[in-house]
Structure formats: structure tokens, C-alpha cells
Enquirer: 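One structure, pasted below without further comment.
Values reported hereafter were calculated over all heavy atoms of this structure, with side chains retained and with hydrogens, waters and symmetry mates removed. This is a predicted model, so every value here is computed, not measured.
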Amino acid sequence: MIWLNFVFLLVIAFLPFPTGVYGTHSGDEVAQVFYATAISLAGYLAAFMWLVVLRQPGLLHDDIDEQEVRHSMRVSMIMPTGFAFSIIFSFFYPDIMPYIWVLFAAISPMIRKI
């Protein structure tokens with residue numbers, strides 16, 4: 001779990017670079033895909049860490065309900081899935097990629113309640 005957390009933090013520390021590339025070249029398809037890939041990777045790593053915690057009960061504190069952890073894992077999959085979806089969609093309609101991100105950000109609070 002420690003090594004997985006190190007990899008997650010490495011990806012988080014790397015995020016300013018793809019963000020800067022996207023900020024400088026926001027109209028470029030490659031910059032958009034690079035940014036979306038980095039965000040997806042960070043989100044999926046967070047969800048994977050929740051999965052590791054669920055599979056090894058000794059890592060979970062006694063006061064935390066397993067259902068709560070499962071819900072957190074599902075919620076943590078929303079945004080990375082939106083970004084991954086936008087990568088696939090970018091091959092057909094690259095101009096609407098940022099709108100997909102905004103759409104997923106807008107519906108995310110509604111999905112979290114489910």
C-alpha cells in the first residue's frame with residue numbers, strides 16, 4: 001500500500017506539468033489527451049487504492065464501514081471515467097473534449113448521491 005501511495009503521489013506531483021501544457025496549448029488535441037490521461041490516471045489510482053483497502057481488511061480502521069469505502073471507491077471513479085471517455089471521444093470530435101469534462105463535473109454531485 002505504501003508503494004501504491006508513492007506512485008499516486010508521484011502522479012499528483014506530476015499534474016502541474018500536463019496542466020501547464022494544456023493551459024499553454026488548449027486548442028491542441030495532443031495537449032488535451034495528455035491532460036485527460038494524467039487526470040484519469042490519478043483518479044484510477046485513487047480508486048485502486050480503495051480497492052486494495054477493501055481486499056485487505058487489516059488496512060481498514062474498525063470505525064469505517066465497508067459500504068462507505070465501496071461508495072467512496074465508486075465516487076472516485078466518476079471523474080477519471082469522464083476524462084477517459086473524453087479521450088476516446090476526442091478521436092471523433094476533438095473540439096468538444098473540454099465540454100465533456102464540464103458535463104461530468106456538473107453531473108458528478110448528482111451521481112455521488114446515488
Enquirer: Any non-hydrogen side-chain atom of Trp101 less than 4.5 Å from a side-chain atom of Tyr35?
Expert: yes
Enquirer: Which pairs pass side-chain hydrogen bond (donor to acceptor under 3.5 Å, both in side chains) with one or both residues in residues 46-59, sequence neighbours excluded?
Expert: none
Enquirer: How would you list, by chain and number, every residue that makes a ring-ring contact (aromatic ring centres under 6.0 Å, His included) with Phe89, sequence neighbours excluded?
Expert: Phe85, Tyr93
Enquirer: Mind checking what makes side-chain contact (heavy atoms from CB on, under 4.5 Å) contact with Ala46, not counting sequence neighbours?
Expert: Phe8
Enquirer: Among all residues two or more places apart in sequence or in another chain, which pass the side-chain contact (heavy atoms from CB on, under 4.5 Å) test with Val11?
Expert: Leu41, Ala42, Leu45
Enquirer: Please enumerate all residues that pass side chain to side chain donor-acceptor pair (under 3.5 Å) together with Tyr22, with sequence neighbours excluded.
Expert: none
Enquirer: With sequence neighbours excluded, what pairs up with Phe6 under the ring-ring contact (aromatic ring centres under 6.0 Å, His included) test?
Expert: Trp3
Enquirer: On a heavy-atom basis, which atom in Ser90 and which in Glu29 lie closest, and how many Å separate them?
Expert: O-OE1, 4.0 Å
Enquirer: Is the backbone of Pro98 close enough, under 3.5 Å, to the side chain of Gln32 for a donor and an acceptor to pair up by distance?
Expert: no
Enquirer: Taking side chain to side chain donor-acceptor pair (under 3.5 Å) as the test, write out the residues that go with Thr81, two or more places apart.
Expert: Tyr44
Enquirer: Using modelled atom types only, decide if a donor and an acceptor are shared between the side chain of Ser40 and the backbone of Ala84 within a distance under 3.5 Å.
Expert: yes
Enquirer: What residues join Val21 in its hydrophobic cluster, counting side-chain heavy atom gaps under 4.5 Å, either direct or through other members?
Expert: Phe14, Phe17, Phe34
Enquirer: Grab the two heavy atoms, one from Met49 and one from Asn5, that are nearest each other, plus how far apart they are.
Expert: SD-CA, 3.8 Å
